[in-house]
Amino acid sequence: DAMVIQNPRYQVTQFGKPVTLSCSQTLNHNVMYWYQQKSSQAPKLLFHYYDKDFNNEADTPDNFQSRRPNTSFCFLDIRSPGLGDAAMYLCATSRDGLGYTFGSGTRLTVV
Amino acid sequence: AQKVTQAQTEISVVEKEDVTLDCVYETRDTTYYLFWYKQPPSGELVFLIRRNSFDEQNEISGRYSWNFQKSTSSFNFTITASQVVDSAVYFCALSEAWTGGGNKLTFGTGTQLKVEL
């Protein structure tokens, strides 16, 4: 089945140690998004790729970066994770913004 | 700026009761999309429905129904004969029309629904 896959499902990282979360899709959607969802809060958009064009939200900290080497893959890099970055990270895809498919998420713990 | 308000933080019902989750939105766009998502404890977001701004027909899918009223900027969600498996956080979301550069979903703060036996 066509889908959005996030690995790993759970990630534990040390304070200040760079971490990368991955997302892959078999839907051939041209838009990919990364959302951050902290406990008991709504998902918040960090950035998105429209094809190869990167679009950063104005309030996304510089500590967060993203790469999209090809249509199928998108990575979220956190350069120096802090305790406040512990959250669920959700990847989503869409074709031209019509209909979003979310992955199962990666729950990040910072110790 | 877009905004979605879900005033009900938490609702508790007894199984088989009907329950309505409220959603009010704000947007300056004339073309937009509204969504409902279910988030069970496992964390994934499960798509329930998408409605575009030009389609005000109510929709029913099994025990689920949605009432879209542009006059009051509301998009409410009703579960009939609730079941324990309906327990989850439900998010209402708004997306502006595609403008060629991608767009984003703006989520409400969610409503935690607890269905008890």
Side-chain angles (χ1 to χ4, degrees), chain A residues 2-6 8-11 23 27 29-60 66 68 74 86-109, chain B residues 1-11 21 23-27 29 31-55 88-114:
Chain A
M3 54 200 308
V4 180
I5 301 169
Q6 290 189 245
R9 189 69 190 274
Y10 299 92
Q11 175 74 57
C23 177
L27 299 160
H29 283 172
N30 57 342
V31 191
M32 295 188 77
Y33 308 80
W34 279 104
Y35 284 83
Q36 179 193 60
Q37 186 181 21
K38 295 186 177 181
S39 182
S40 302
Q41 295 185 20
K44 178 181 176 298
L45 183 67
L46 295 174
F47 25 60
H48 74 275
Y49 275 94
Y50 182 78
D51 291 326
K52 295 182 179 180
D53 294 333
F54 178 70
N55 297 271
N56 198 34
E57 292 298 294
D59 56 356
T60 297
S66 186
R68 190 179 186 186
C74 195
M88 172 74 88
Y89 290 88
L90 294 161
C91 175
T93 70
S94 76
R95 168 140 317 268
D96 296 331
L98 298 177
Y100 299 78
T101 303
F102 282 86
S104 299
T106 294
R107 197 175 294 276
L108 180 68
T109 300
Chain B
Q2 300 178 120
K3 184 179 179 182
V4 177
T5 301
Q6 295 180 254
Q8 304 150 309
T9 304
E10 185 173 320
I11 301 176
L21 309 181
C23 173
V24 175
Y25 63 91
E26 296 176 28
T27 180
D29 292 337
T31 303
Y32 51 88
Y33 296 87
L34 294 164
F35 299 79
W36 275 95
Y37 285 90
K38 174 182 180 180
Q39 189 174 44
S42 53
E44 73 272 24
L45 281 169
V46 178
F47 168 81
L48 296 178
I49 189 171
R50 182 186 78 194
R51 173 68 72 227
N52 74 55
S53 53
F54 297 106
D55 183 1
V89 180
Y90 290 85
F91 288 98
C92 180
L94 169 69
S95 173
E96 62 189 356
W98 173 64
T99 55
N103 58 358
K104 67 178 181 180
L105 285 173
T106 298
F107 285 87
T109 50
T111 297
Q112 170 79 61
L113 174 65
K114 294 183 178 180

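Not measured: the values here are computed from a predicted model. All heavy atoms count here, side chains included; hydrogens, waters and symmetry mates do not. We name chains A, B, ... by the order of the sequence lines, and we start the count at 1 in each one.
Y35(A) has its ring centre less than 6.0 Å from the ring centre of F107(B). Taking the six-membered ring for Trp, F47(B) and Y100(A) have ring centres at least 6.0 Å apart.
Q39(B) touches chain A through its side chain: at least one heavy atom from C-beta onward sits under 4.5 Å away, while N, CA, C and O do not. Heavy atoms closer than 4.5 Å to chain B are found in the side chain of E57(A), but not in its backbone.
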*Go through E44(B) and M88(A) one step at a time and tell me if the side-chain contact (heavy atoms from CB on, under 4.5 Å) criterion holds.*
CA-CA 10 Å; E44(B) 73 272 24; M88(A) 172 74 88; over 6 Å; no

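In plain terms, the two heavy atoms of G108(B) and A42(A) that are nearest each other are O-CB, 2.9 Å. Here the closest non-hydrogen pair linking F91(B) and Q37(A) is CZ-NE2, 3.3 Å.
No other option in Q41(A), Q6(A), R9(A) has as many heavy-atom pairs under 4.5 Å with chain B as R9(A). Among T109(B), V4(B), T9(B), L45(B), the residue making the largest number of heavy-atom pairs under 4.5 Å with chain A is L45(B).
Looking at R107(A) and S42(B), their side chains never come closer than 4.5 Å, going by heavy atoms from C-beta outward.
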